[in-house]
J.: 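Structure in structure tokens, see below.
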Amino acid sequence: MSKIWWQKSSYSASATDCLEIATGAEGSALVRESDDPDVIVNASHKNLQSLILGVKLRKFDHLR
């Protein structure tokens, strides 16, 4: 198994409390939360893009 290189946003103010992203097998997108790095979400780039767009458009605010 090859090493996964995780990247976090340069806008993240701390080493914790941030999302990290990496490229997985066959080009999938891997996402994890820095406070719980053992839980990894594996998604297609299209699905990740849809999630990010939904967050930016505040489509999930009602789930608070």
Side-chain angles (χ1 to χ4, degrees):
M1 179 176 212
S2 62
K3 173 97 170 120
I4 298 174
W5 298 99
W6 293 97
Q7 180 179 344
K8 69 175 186 163
S9 171
S10 59
Y11 291 102
S12 182
S14 69
T16 60
D17 300 330
C18 61
L19 290 179
E20 299 173 324
I21 191 166
T23 300
E26 299 179 20
S28 65
L30 303 177
V31 182
R32 72 179 183 180
E33 209 277 303
S34 60
D35 286 348
D36 197 0
D38 293 331
V39 178
I40 299 171
V41 174
N42 186 347
S44 70
H45 283 276
K46 182 178 179 178
N47 286 345
L48 180 59
Q49 182 181 21
S50 295
L51 173 65
I52 292 169
L53 182 59
V55 170
K56 286 182 175 184
L57 294 174
R58 304 182 68 129
K59 300 241 181 207
F60 306 107
D61 285 1
H62 67 283
L63 299 174
R64 288 183 184 199

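Index from 1, following the sequence.
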J.: Yes or no on side chain to side chain contact (heavy atoms under 4.5 Å, CB included) for L19 and R32, after CA distance, side-chain angles and deciding distance?
T.: CA-CA 6 Å; L19 290 179; R32 72 179 183 180; over 6 Å; no
J.: Looking at every non-hydrogen atom in both residues, tell me the closest pair between K8 and C18 and how far apart they are.
T.: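 That closest heavy-atom pairing would be CD-SG, 3.6 Å.
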J.: Measure the CD1-CG distance between I21 and L30 for me, rounded to the nearest 0.5 Å.
T.: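 Rounded to the nearest 0.5 Å, the CD1-CG separation comes out at 8.0 Å.
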J.: What's the shortest heavy-atom distance between T23 and G27, and which atoms?
T.: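 That would be CG2-CA, 3.9 Å.
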J.: For the residue pair K3 and W5, would you count it as a cation-pi contact if the rule is NZ or CZ under 6.0 angstrom from the ring centre and within 45 degrees of the ring axis?
T.: yes
J.: Measure the spacing between CD1 of I40 and CD1 of I4 and express it to the nearest 0.5 Å.
T.: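 Nearest 0.5 Å value for the CD1-CD1 distance: 5.5 Å.
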J.: Please test L51 against V31 for side chain to side chain contact (heavy atoms under 4.5 Å, CB included), starting from the C-alpha separation and ending with a verdict.
T.: CA-CA 12 Å; L51 173 65; V31 182; over 6 Å; no
